[in-house]
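The structure under discussion appears below in the form of structure tokens.
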Amino acid sequence: MNVASVAVPVRTRAPGGTTNAYLLGEEPSVLVDPAARTDELDRLVAERSVEHVVVTHTHPDHVGAVDSYAAETGATVWGRYGRSERFREATGREPDRELLPGATIDLGDERVRVLETPGHAPDHLAFEADADGPIVCGDCAVAEGSVVVGAPEGDMRAYLTTLRRLRAIDPPVLHPGHGPAIETPRVVLERLIAHRLRRERRVLEAVDDGAGSLAAILEGAYEKDLEGVRDLARATVRAHLEKLAVEGRLEWDGERATSRRR
């Protein structure tokens with residue numbers, strides 16, 4: 001299946017300040033994550049018969065031009081099943097139809113399969129371009145660096161499960177929401193899993209060493225300068241604490257953490 005992409009400038013803290021919009025297939029095609037309108041994306045849309053518009057998730061830097069392109073093309077707009085209110089608040093419109101994980105969108109002889117990939121966001125989906133094809137993975141992965149998984153929006157347990165599920169699928173390519181295509185998915189997914197587990201160990205060690213407040217745990221869990229990203233790091237540490245508490249590895253009441261080794 002043909003996969004075309006355009007890096008669309010948006011207001012985002014992701015590297016490069018752009019979100020990738022994708023067109024899967026040609027006649028007909030699916031438009032994924034139209035974050036904003038640009039001349040290049042307009043041209044690609046005009047060259048294809050866009051019959052469907054979908055989003056990986058409803059964060060503002062992925063949905064800005066959903067309504068505009070839907071109105072122009074007459075495409076069916078799909079939202080995540082059970083998340084229509086969230087979709088409406090993000091896009092300004094109701095979805096025409098709703099998607100369930102495992103469903104497919106038929107494109108003639110080709111199909112796009114919907115994958116459940118929560119973690120970065122509770123409504124996150126990914127889209128597999130035909131059987132055993134590349135996967136448009138939104139904010140599940142990036143070629144370099146890491147993805148923000150911050151509480152209360154993010155769920156670290158779910159995110160790690162998503163990374164492992166994608167690793168098991170082992171697609172030929174991952175097409176992320178930000179940055180270049182991931183040509184070695186298994187290598188990158190294993191790197192991201194290892195990164196999260198290292199950070200988890202640092203959080204747990206900080207609590208075991210006596211850090212209780214979020215601020216104290218944050219200082220123990222990070223060695224690098226957090227200027228400009230401290231809020232994201234705090235949300236990430238909170239997500240790790242919530243995961244560790246659910247697993248019974250520490251106690252966390254939303255304000256203070258307590259080691260279970262004492």
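Each residue takes its place number in the sequence, starting with 1.
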I want to check something: taking the side chain as every heavy atom from C-beta on, are Y159 and L163 in contact at a cut-off of under 4.5 Å?
yes
Below 4.5 Å, heavy atoms only, C-beta onward: do V112 and M1 meet side chain to side chain?
yes
Under a 3.5 Å cutoff, is there a donor and acceptor pairing between the side chains of D33 and T56?
yes
Using modelled atom types and a 3.5 Å cut-off, is there a donor and acceptor pairing between side-chain atoms of D208 and backbone atoms of S259?
no
Check this for me: D132, atom CG, are more than 12 non-hydrogen atoms of other residues, nucleotides or ligands nearer than 6.0 Å?
no
What I'd like to find out is whether the side chain of P122 reaches to under 4.5 Å of the side chain of R83, using heavy atoms alone.
yes
Flag for T76-R97: side-chain donor and acceptor within less than 3.5 Å:
no
Got D155 and V149 here, is their nearest side-chain heavy-atom distance under 4.5 Å?
no
Look at atom CZ of R11 and say whether more than 12 heavy atoms of other residues, nucleotides or ligands are closer to it than 6.0 Å.
no
With a 4.5 Å heavy-atom cut-off, do E153 and H59 have their side chains touching?
yes
Measure from NZ or CZ of R93 to the centre of the six-membered ring of F87 and say whether it is under 6.0 Å with the direction within 45° of the ring axis.
no
Non-hydrogen side-chain atoms of L107 and S29 separated by less than 4.5 Å
no
I want to check something: taking the side chain as every heavy atom from C-beta on, are L218 and L226 in contact at a cut-off of under 4.5 Å?
yes
Show your working on side-chain contact (heavy atoms from CB on, under 4.5 Å) between V30 and F127 and close with a plain yes or no.
CA-CA 10 Å; V30 178; F127 301 95; over 6 Å; no
In plain terms, say whether E47 and R43 are close enough for a salt bridge, that is, a side-chain N and a carboxylate O under 4.0 Å apart.
yes
So K243 and R196, side-chain contact (heavy atoms from CB on, under 4.5 Å) or not? Walk me through it.
CA-CA 12 Å; K243 174 182 180 293; R196 287 300 171 194; over 6 Å; no
Could you tell me if T19 and H62 have a donor-acceptor pair between their side chains, going purely by distance under 3.5 Å?
no
State whether the side chain of R238 and the backbone N or O of G150 hold a donor-acceptor pair below 3.5 Å, judged by distance alone.
no
Is it the case that atom CD in E247 sees more than 12 heavy atoms from other parts of the structure closer than 6.0 Å?
yes
With no hydrogens and no angle check, just 3.5 Å: does a side-chain donor-acceptor pair link T91 and D67?
no
So does E255 have more than 12 non-hydrogen atoms from other groups sitting under 6.0 Å from CD?
no
Counting only heavy atoms not in D39, do more than 12 fall under 6.0 Å of its CG?
no
Between H57 and H120, how do the two ring planes meet: parallel, tilted or perpendicular, split at 30° and 60°?
perpendicular
List for me each residue that meets side chain to side chain donor-acceptor pair (under 3.5 Å) alongside E116, sequence neighbours excluded, and say none if there are none.
R80
Of all heavy-atom pairs between S5 and L44, which one has the smallest distance, and what is that distance?
O-CD1, 4.4 Å
Just wondering, do M156 and L244 contact through their side chains at under 4.5 Å, heavy atoms?
no
Any chance you could lay out the salt bridge (charged side-chain N to carboxylate O under 4.0 Å, His left out) test for R201 and E205, step after step, and finish with the verdict?
CA-CA 6 Å; R201 286 195 296 271; E205 288 168 1; 5.5 Å; no
